[in-house]
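All heavy atoms count here, side chains included; hydrogens, waters and symmetry mates do not.
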Amino acid sequence: MKPITIRNCFFLSSLVLSLITLFPHQIAGSGLVEQVCEHSHNKTKCIESFNSNPTSEGASLEQLGVLAIKLAVQNATYTSLYMQQFLGNQTLDPAVQQAVSHCAEQYSNASQELEDSIDALSTDDRHTVFTWVSAAITNIESCEDKLKESGSPDSVLLARNAMFRFLCDNALAINKILTSKH
């Protein structure tokens, strides 16, 4: 076995330093989710949401921004399916049915606004990302207001609304970090 020489140590150190310099997102990527989630209202839930998607591993900050929005879109899609099933209940109080129908429309609008924000993120239009994601949150707040007015006892939908807002807040936090970097 060859002894480790100063020359070998210098070579290995240079190689590692070169890799870190050339590929900073891949080397630091695993810790990037944790760094981003430091800006979240709930770090643990933030990390769990990103880790639910394998593409978060090694992702750049920009890629995490897109992923955060896609996670909110996915939540909106599942919530829309839930509401369709809920509306199929023939014994629903008319006020609750109207509120859930309103929510379905708001989620549809929010999904489109989030898709538009992904387009804006791909062109580095940070202001438009903020506008669209904020509009999506406003839509879901409108849904929640209607549910409360109707007296709807559906805690599942209220919890889904809270999760949607949380995911959108994560997207806004990443957008803010990206804005401050430019």
> Counting heavy atoms not belonging to F130, are there more than 12 under 6.0 Å from its CZ?
Replying inline: no
> Is the CD atom of E141 crowded by more than 12 outside heavy atoms at less than 6.0 Å?
Replying inline: yes
>> Is there a path of hydrophobic side-chain contacts, each under 4.5 Å between heavy atoms of I/L/V/M/F/W/Y residues, joining L178 to V129?
In response: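 They do share one cluster, since a chain of ILVMFWY contacts under 4.5 Å joins V129 to L178.
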Side-chain ([X]) to main-chain ([Y]) donor-acceptor, under 3.5 angstrom:
{"X": "Q106", "Y": "C143", "answer": "no"}
{"X": "S108", "Y": "A104", "answer": "no"}
{"X": "S152", "Y": "L147", "answer": "no"}

Compare all side-chain heavy atoms of [X] with those of [Y] and state whether any distance is below 4.5 angstrom.
{"X": "D154", "Y": "F86", "value": "yes"}
{"X": "N42", "Y": "T44", "value": "yes"}
{"X": "S134", "Y": "T131", "value": "no"}
{"X": "E57", "Y": "N51", "value": "no"}
{"X": "T128", "Y": "S117", "value": "no"}
{"X": "N89", "Y": "L92", "value": "yes"}
{"X": "E115", "Y": "Q112", "value": "yes"}

Hey, could you give me the [atom1]/[atom2] distance between [X] and [Y], rounded to the nearest 0.5 Å?
{"X": "N170", "Y": "H41", "atom1": "CG", "atom2": "NE2", "result": "8.0 Å"}
{"X": "M83", "Y": "L157", "atom1": "CE", "atom2": "CG", "result": "6.0 Å"}
{"X": "L32", "Y": "I177", "atom1": "CG", "atom2": "CD1", "result": "8.0 Å"}
{"X": "K148", "Y": "L158", "atom1": "NZ", "atom2": "CG", "result": "7.0 Å"}
{"X": "Q84", "Y": "T79", "atom1": "CD", "atom2": "OG1", "result": "11.5 Å"}

> Would W132 and L114 count as a side chain to side chain contact (heavy atoms under 4.5 Å, CB included) if you check the C-alpha gap in whole Å, the side-chain angles of each, and the deciding distance to 0.1 Å?
Replying inline: CA-CA 6 Å; W132 285 125; L114 292 175; over 6 Å; no
> Under the side chain to side chain contact (heavy atoms under 4.5 Å, CB included) criterion, do V133 and N175 qualify, and how do the steps go?
Replying inline: CA-CA 10 Å; V133 175; N175 191 55; over 6 Å; no
>> Before you tell me yes or no, could you show the steps for S40 and D169 under side chain to side chain contact (heavy atoms under 4.5 Å, CB included), namely the whole-Å CA-CA distance, both residues' side-chain angles and the distance that decides it to 0.1 Å?
In response: CA-CA 7 Å; S40 176; D169 285 342; over 6 Å; no
> What closest approach, in Å, do A76 and F164 show between heavy atoms, and which atom pair accounts for it?
Replying inline: CB-CE1, 3.8 Å
>> With side-chain hydrogen bond (donor to acceptor under 3.5 Å, both in side chains) as the criterion, how do N109 and E113 come out once you've worked through the C-alpha distance, each side chain's angles and the decisive distance to 0.1 Å?
In response: CA-CA 6 Å; N109 293 341; E113 290 158 349; 5.9 Å; no
Atom pairs and distances, donor-acceptor, side-chain atoms in residues 63-72, under 3.5 Å, two or more places apart:
from, atom 1, to, atom 2, distance (Å)
Q63, OE1, S60, N, 2.7
Q63, OE1, S60, OG, 3.3

>> Between Q97 and L87, does the side chain to side chain contact (heavy atoms under 4.5 Å, CB included) criterion hold? Intermediate values first, please.
In response: CA-CA 6 Å; Q97 185 172 12; L87 287 169; 3.8 Å; yes
>> What verdict does the side-chain hydrogen bond (donor to acceptor under 3.5 Å, both in side chains) test give for T123 and D125, after you've listed the backbone C-alpha separation in whole Å, the side-chain angles of each residue and the deciding distance to 0.1 Å?
In response: CA-CA 5 Å; T123 62; D125 186 354; 5.1 Å; no
> Can you pull the salt bridge (Lys or Arg N to Asp or Glu O under 4.0 Å) pairs that have at least one residue in residues 41-52, sequence neighbours excluded?
Replying inline: E38-K43
>> Run the side-chain hydrogen bond (donor to acceptor under 3.5 Å, both in side chains) test on N75 and Y107 for me, step by step, so that the C-alpha distance in whole Å, both residues' side-chain angles and the decisive distance to 0.1 Å come before the verdict.
In response: CA-CA 10 Å; N75 173 277; Y107 266 94; 4.6 Å; no
> Does NZ or CZ of R160 fall inside the cone over Y78's six-membered ring, less than 6.0 Å from its centre and within 45° of the axis?
Replying inline: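 So R160 doesn't make the cation-pi contact.
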> Residues in disulfide (SG to SG under 2.5 Å) with C46, at least two apart?
Replying inline: C37
